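Read through the structure below, which is laid out as structure tokens, and then see the notes.
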Amino acid sequence: MIDPELFKNDLISNYFHSVAPIGYKFSYWLGAKSGISPLILAKIIPIFLAIITTLYLFRFFLEILPISFGAFLATLILNINIWLKDDLVSGTPRAFVYPIFAAFLYYLVKRSLIPCLITIALQGLFFPQLVFVENVLLTIRLFDWQNNKIRFTQDQINYIFWFFGLVTSLIVLLPFALHVSEFGSVITINKMKIMPEYQLNGRIEYFGFNPFFLPFKSSSGLGAPIFPPFILLGLFLPLALKKSRIFINITILLQLFIASLMMFIIASFVPLILYFPGRYTYHILRFILAIFTAILICILIEYLENQLNKKKKIILTFGIILLLIPSFIPPLFLRLQEWRIGENPEIYHFYASKPKDILVASLASDTSNIPAFAKRSVLFSTEFALPIHPVYYNQMKQRAIDLIKAQYSTNLGDTQKLINKYGIDYIMLEPTTFSLDYLLQQKWLVNSSFNNVILKTSQQLKQGEIPALTEVVEQCSIKKSKNLTVLDAECITKIN
């Protein structure tokens, strides 16, 4: 199912292949060799990953608190969250975080050395950042809090886990450390600070936003979950524990939070060298808050049974039901899901019917869907314009500038030069492409380091300049949908 003719010499494909983890690439390579296309496999994998996550989280919860209902709630809350985000359903490397990390936690509390080391190795192959969190966690477990003092633990197994965990991590991460990317090193913090792409409304919001939202930002913030809303009730667990008569050992979860927070702080001082700081807390907080919330509900139920009179029991029970019921009514929360649906299937089928080496150029947001749904290359798009590696992003930026200048030029010759320069086969337009505010409504363009081109082009349109491309739309249009019009580049180049 691997077609070597697809995406040959494609800048975008080469870039994402170069930065993809080894385990992730191997999984899809193995699937393709087995006759399963990557797109189909990406739809199947999340189901199995979710099942594995659920099984391990359920068993891990029972090690902390042996109440099956609580384990059920923890898995329910986590599943609601991860299925509505684009992490799990995307089938990308971060989708593998959940089952592997859930297995790591379970084998760690069960003190099963070999399975635990296997999960560390797998994490390194699919999502290397969390290996650092796991190692910090194993290091924290070398210490105990006794008599208001930090002392080395007397539990020898913790030293064994720490040593072999460190060795395993070094082995699995060494290839990443020695790998020299063809796209060079990542961007420096000084360059990030002056690039609009990293400011408010930029491609990656790292600076400039209200500090109040820091806990919820996924790049430079903690990436705390906000859905389902009651997941945040887990924050109040420490208060409830004081009044609970149930023995609950959440030490490992507190250690895990400290470990992830430590890596978050370290990564904040060296952004992108260790990737975005939020990578070290985003997934961890989903586990912790889902478990904390489930434990809190169990404590409330225990309190309900032992402390309240019949009337108050009914009121509290009713309150808990109201809290949980939105989770079982899809129309109430599916609007928040981040799945992306292709809205122009006829266009995708059109491109898919064309030669495998065609190149499509467009400013339309749907351009990002073409590689997946039509299996054809695009000049650039917002989804693939990641400003992380300058060698890559500078090429993407130049392509965007060239397309904007040519598309809105009053001289058709500029468009023809663009077509010849990049070997473009089709130019795709939206109904509002040539409207006065079209470019200004594209936040990712306005908040880019080439926004001067955007502002200048918009000003030219407002001054009444008419792009030459508008005069050939009808003549060179070869495919239309409700939202898009496809122009034949060869037709454009033949016009004098």
Side-chain angles (χ1 to χ4, degrees), residues 46 49-50 53-54 56-58 60-61 64 70-90 92-102 104-105 127 129-130 133 204-206 209-240 250 252-254 256-261 263-264 267-268 275-298 320 323-330 332-340:
L49 296 182
T53 301
T54 300
Y56 275 112
L57 181 60
F58 190 93
F60 172 70
F61 187 96
I64 297 175
F72 164 75
L73 282 178
T75 57
L76 173 65
I77 295 169
L78 181 65
N79 270 283
I80 290 173
N81 180 270
I82 63 179
W83 275 106
L84 290 179
K85 299 293 291 182
D86 61 355
D87 301 318
L88 179 69
V89 297
S90 65
T92 53
R94 59 183 184 269
F96 293 82
V97 167
Y98 299 100
I100 297 175
F101 197 74
F104 166 78
L105 291 176
F127 202 86
Q129 287 83 10
L130 284 196
V133 176
I204 300 175
E205 290 187 351
Y206 196 90
F209 54 81
N210 190 326
F212 175 79
F213 297 106
L214 183 65
F216 309 104
K217 287 291 182 180
S218 59
S219 294
S220 56
L222 297 174
I226 58 175
F227 195 86
F230 59 80
I231 194 174
L232 295 176
L233 288 177
L235 296 172
F236 299 98
L237 178 62
L239 299 176
I250 62 169
I252 188 173
L253 294 175
L254 296 178
L256 176 59
F257 175 71
I258 294 172
S260 64
L261 191 59
M263 283 307 307
F264 172 85
S268 296
Y275 214 71
F276 294 108
R279 282 290 181 100
Y280 299 94
T281 52
Y282 178 91
H283 305 285
I284 303 299
L285 288 177
R286 275 148 183 76
F287 278 100
I288 292 176
L289 287 176
I291 295 171
F292 273 20
T293 300
I295 294 175
L296 180 62
I297 293 175
C298 288
I320 293 175
L323 193 67
L324 295 176
I325 201 168
S327 305
F328 301 94
I329 305 178
L332 293 181
F333 62 83
L334 284 182
R335 295 178 184 178
L336 300 176
Q337 57 86 13
E338 296 188 0
W339 306 346
R340 294 292 180 263

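The shown structure was predicted, so the numbers you read here are calculated from the model rather than taken from an experiment. The residues of the chain are indexed from 1 along the displayed sequence.
Distance OG/S260 to OH/Y282: 14.5 Å, rounded to 0.5 Å. Going from atom CZ of F264 over to atom CD1 of I284 covers 13.5 Å, rounded to the nearest 0.5 Å. In this structure, OG1 in T281 is found 5.5 Å from CG in L285, a value given to the nearest 0.5 Å. The distance from the CG atom of L222 to the NZ atom of K217 is 13.0 Å, given to the nearest 0.5 Å. Atom OH of Y206 is separated from atom OG of S220 by 5.5 Å, given to the nearest 0.5 angstrom. In this structure, CG in L76 is found 4.0 Å from CD1 in I80, a value given to the nearest 0.5 Å.
Judged as a side chain to side chain donor-acceptor pair (under 3.5 Å), and not counting sequence neighbours, the contacts of T54 are N79. Considering only residues two or more places apart in sequence or on other chains, R286 meets the side chain to side chain donor-acceptor pair (under 3.5 Å) condition with N81. With sequence neighbours excluded, no residue forms a side chain to side chain donor-acceptor pair (under 3.5 Å) with Y275.
Within 6.0 Å of CZ in F276 there are more than 12 heavy atoms belonging to other residues, nucleotides or ligands. The local environment of CG in L254 is crowded, with over 12 non-hydrogen atoms from other residues, nucleotides or ligands closer than 6.0 Å.
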Evaluate side-chain contact (heavy atoms from CB on, under 4.5 Å) for F216 paired with I226, printing each intermediate quantity in order. CA-CA 8 Å; F216 309 104; I226 58 175; 3.3 Å; yes
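Contact record, A95 with L49: O-CD1, 3.5 Å, taken as the closest heavy-atom pair. What you find for P277 and S219 is that their closest heavy atoms are CD-O, 3.3 Å. Residues A294 and G70 approach most closely at CB-O, 3.4 Å, considering heavy atoms. Minimum interatomic distance between A267 and Y280 (heavy atoms only, all atoms of both residues): CB-CE1, 3.6 Å. When all heavy atoms of I64 and I250 are compared, the closest pair comes out as CG2-CG2, 4.2 Å. In terms of heavy atoms, L233 sits closest to L296 at O-CD2, 3.1 Å.
Under the 4.5 Å side-chain criterion, counting only non-hydrogen atoms from C-beta, L78 is not in contact with I291. For the pair F292 and I231, the minimum side-chain heavy-atom distance is 4.5 Å or more. A heavy-atom distance below 4.5 Å is found between the side chains of D86 and R94. Using a 4.5 Å heavy-atom cutoff, the side chains of D87 and I82 are not in contact. A heavy-atom distance below 4.5 Å is not found between the side chains of L73 and F61. At least one side-chain heavy atom of F60 sits less than 4.5 Å from a side-chain heavy atom of L253. A heavy-atom distance below 4.5 Å is not found between the side chains of F127 and I100. Using a 4.5 Å heavy-atom cutoff, the side chains of V133 and L130 are in contact.
Within the 6.0 Å centre-distance limit, the rings of F104 and F101 are counted as a close aromatic pair.
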